[in-house]
Amino acid sequence: MTRASYTAAVVGGGAAGVATALGLAKAGADVLLAAPPHRPLGHAADTRTAALFAGSIDFLKNVGTWTAVEPHSAPIGAIRIIDDTGALLRAPEVVFTADEVGLDAFGWNVPNHALVSALLAAAAAPDSRITVLETAGIDRVEPGAKAVRLLSREGETFEARLVAGADGRNSMCRAAAGIATRSWRYEQAAVVATFRHTRSHRGISTEFHRPAGPFTTVPLPGLRSSLVWVERPGEAQRLAALDDTAFREALERRLQGLLGSIGEVTPRAMFPLSGLTANTFGQNRIALLGEAGHVIPPIGAQGLNLGLRDAATLAECVASALAAGRDPGGAETLEAYSAGRRGDVGSRIATVDVLNRSLISGVLPIHLVRGLGLVALKAVAPLRRLAIREGLQPSGTLPALLMPDGARLLAERARPAAPRDSAA
Ligand SMILES: Cc1cc2nc3c(=O)[nH]c(=O)nc-3n(C[C@H](O)[C@H](O)[C@H](O)COP(=O)(O)OP(=O)(O)OC[C@H]3O[C@@H](n4cnc5c(N)ncnc54)[C@H](O)[C@@H]3O)c2cc1C
């Protein structure tokens, strides 16, 4: 049995967890990353991609992973919304372009598997300050007065002053911290795949607003796109079970020729739509990140962007604690972290919920309000620019790792303040 002690331990090997380990190391902490083995590509669930906005891309640059991720990813230059609800009052087609807000792209569509591979490679680099523990799982998480004790399924014990729980929606860390949640389900599921097509996507992500939920294509490099097709659970199950030929035909019909003929499709994965939010994001030396803290339906590309903002915020709080000689897992650090995340997470969950419910509602006034909202966004350029900026990231001061050259900024913040010159 080994017993080793760290400033921080991260539990979870998804994108949020590995990103958090890299962020904490940049903040000056020595970090244990306890992660299950990264499976080789080929599982249907790995066909997920994430549209990541500018702050998230800066995060990846700051932790030295963007050059490995970029070749697998495609820029999103425009977002087109098409009303396909069949409602009496059809909203106009709205196109948001990145150049309206002075950007080359809103963000990049990044395959999940390539992203986690690149993050893990950076974590395993000899100069990373991260010890990667490949484990079947952490079995016990026991918060104490001065540290949290972790026990792995292999029987090893570790201690850390701060635990970053990024162990997904059924988080054991969250339970160990005694943090309650609010959770809910939607009568919808997303069918996810990537596919080839003959007509260029021209860097445009297209969202059809349909009565069962949105149907979204997002560009990938070349003549490929990813698909998030939201349906009622029964219909989603039927679609996911179709063979390749039948699924291609269904997809081609739904796209109405927008991307030409549909070629090879990857295996389909299905994700029931649900939501969850933790009552606090930190307590008892345990901080919650990614889906351990919040689950949001895959509408409007918010989930992992939030997860990376969690990682950047925790890194910032730990850097300040270390610089001031405070406890990185103490109540003050965790309260600052939780307060830093509450508004952003709450507002994204509320916005996505309203948008989704306005689509699936059969109530005419709700369709009218949604339609008028789109009319206003189409007609009023400043309103459109405001909506774009708010969708991309929250206003206000950003943590260093979400900004260009953030690693240097964070290292400066993590340095203890020089003693004052007594003559000054
Ligand atoms: C269809 C779909 C489309 C999406 N599109 C977007 C998008 O466009 N943009 C966007 O920003 N987000 C998007 N998301 C959201 C994004 O995929 C998630 O936010 C993100 O993958 C969550 O990462 P995570 O690391 O928090 O959780 P997970 O990926 O679930 O990782 C949790 C990790 O914890 C590990 N674990 C669990 N228990 C233990 C234990 N006891 N010990 C050790 N390890 C443990 C698991 O094995 C896993 O490695 C989408 C999601 C879906 C479903």
Side-chain angles (χ1 to χ4, degrees), residues 9-21 32-39 44-53 55-57 59 73 76 79 106-113 115-116 119-120 133-141 150-154 158 163-176 188-194 205 207 213-214 216-220 226-230 236 240 268-274 276 288-311 345 348 352 391-393:
V10 179
V11 181
V18 192
T20 300
L32 174 75
L33 169 63
H38 186 43
R39 295 175 303 185
D46 293 332
T47 55
R48 248 183 321 170
T49 66
L52 296 182
F53 304 131
S56 298
I57 302 300
F59 185 103
S73 313
I76 303 166
I79 298 170
F106 286 125
W108 291 69
N109 190 28
V110 174
N112 233 40
H113 193 274
L115 174 62
V116 175
L119 291 167
L120 278 171
L133 170 76
E134 206 176 272
T135 170
I138 293 297
D139 236 5
R140 283 220 306 267
V141 179
L150 299 174
L151 182 75
S152 75
R153 282 197 198 142
E154 293 75 20
F158 306 90
V163 163
D167 48 344
R169 56 184 67 197
N170 301 315
S171 172
M172 168 191 285
C173 293
R174 192 175 66 220
Q188 292 162 293
V191 178
V192 176
T194 66
S205 173
E207 200 166 291
T216 309
T217 64
V218 195
L220 280 170
S226 54
L227 169 73
V228 180
W229 185 345
V230 177
R268 274 68 68 194
M270 213 179 87
F271 295 87
L273 261 57
S274 61
L276 175 148
L288 302 179
L289 298 99
E291 292 202 335
H294 43 77
V295 176
I296 189 164
I299 296 171
Q302 296 294 331
L304 187 54
N305 285 292
L306 280 174
L308 295 177
R309 298 209 282 272
D310 297 341
V345 171
R348 307 286 139 173
V352 167
L392 297 182
Q393 65 190 10

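What you see is a predicted model; the values in this text were computed from it and never measured. For ligands, and for the atoms within them, numbers begin at 1 and follow the listed sequence.
Protein heavy atom closest to atom 28 (P) of ligand 1, with residue, atom name and distance, is G14 CA, 4.4 Å. Protein heavy atom nearest atom 24 (P) of ligand 1, with residue, atom name and distance: A16 CB, 3.8 Å. Here the protein heavy atom with the shortest distance to atom 38 (N) of ligand 1 is D167 CB, 3.7 Å. Residue, atom and distance of the protein heavy atom nearest to atom 51 (C) of ligand 1 are R48 CD, 3.9 Å. With respect to atom 44 (N) of ligand 1, the closest heavy atom belonging to the protein is P36 CD, 3.5 Å. From the protein, the heavy atom lying nearest to atom 1 (C) of ligand 1 is V192 CG2, 3.2 Å. With hydrogens left out, the protein atom closest to atom 50 (C) of ligand 1 is P298 CB, 4.2 Å, a heavy atom. The protein atom (non-hydrogen) at minimum distance from atom 41 (N) of ligand 1 is I138 O, 3.0 Å.
The two atoms that bring L115 and A15 nearest to each other are CD2-CB, 4.0 Å, heavy atoms only. The two residues T49 and P111 make their nearest non-hydrogen contact at CG2-CA, 3.9 Å. Closest of all the heavy-atom pairs between A190 and V228 is CB-CG1, 4.0 Å. The two residues A189 and A236 make their nearest non-hydrogen contact at CB-CB, 3.8 Å. Taking every heavy atom of both residues into account, R153 and D139 meet most closely at NE-OD1, 3.2 Å. Nearest heavy-atom pair across L276 and R169 is CD1-O, 4.2 Å.
In this structure, OG in S205 is found 5.5 Å from CD1 in I76, a value given to the nearest 0.5 Å. Note: H113 NE2 to H38 NE2 = 3.5 Å, rounded to the nearest 0.5 Å. A distance of 8.0 Å separates CG in N109 from CG in L52, rounded to the nearest 0.5 Å. A distance of 9.5 Å separates CG in L32 from OG in S152, rounded to the nearest 0.5 Å.
Taking every non-hydrogen atom of E291 and a distance limit under 4.0 Å, the qualifying atoms of ligand 1 come out as 18 (C), 19 (O), 22 (C), 26 (O). Counting atoms of ligand 1 from 1 in the listed order, those under 4.0 Å from a heavy atom of G168 are 32 (C). Here is the list of ligand 1 atoms found below 4.0 Å of a heavy atom in G303: 10 (C), 11 (O), 12 (N), 15 (C), 19 (O). Less than 4.0 angstrom separates some heavy atom of Q302 from each of these atoms of ligand 1: 11 (O). Close contacts between ligand 1 and A15 involve ligand atoms 25 (O) [criterion: under 4.0 Å to a heavy atom].
R140 places no side-chain N or O within donor-acceptor distance of the main-chain N or O of L151, the cut-off being under 3.5 Å.
For atom 8 (O) of ligand 1, the nearest non-hydrogen atom from the set A51, S226, S171 belongs to A51. Proximity annotation for atom 12 (N) of ligand 1: of L304, V191, L33, L133, L304 comes nearest, heavy atoms only.
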Inset, instruction - Please test L133 against F158 for side-chain contact (heavy atoms from CB on, under 4.5 Å), starting from the C-alpha separation and ending with a verdict. - result: CA-CA 11 Å; L133 170 76; F158 306 90; 3.6 Å; yes
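Close N/O approach between V11 and ligand 1 is not found [any backbone or side-chain N/O within under 3.5 Å]. In terms of polar-atom proximity, G13 is counted as a contact of ligand 1, with an N or O under 3.5 Å from an N or O of the ligand. For a threshold of 3.5 Å applied to N or O pairs, the pair formed by G290 and ligand 1 contains no separation below that value.
In T49, the part holding a heavy atom less than 4.0 Å from any atom of ligand 1 is the backbone.
The protein does not reach atom 14 (N) of ligand 1 closely, with no heavy atom under 4.0 angstrom from it.
Between T20 and the options L119, L308, V11, V10, a side chain to side chain contact (heavy atoms under 4.5 Å, CB included) holds for only V10.
At a 4.0 Å cut-off, not a single heavy atom of I296 sits close enough to ligand 1 to count as contact. Using 4.0 Å as the threshold, A166 has a heavy atom nearer than that to some atom of ligand 1.
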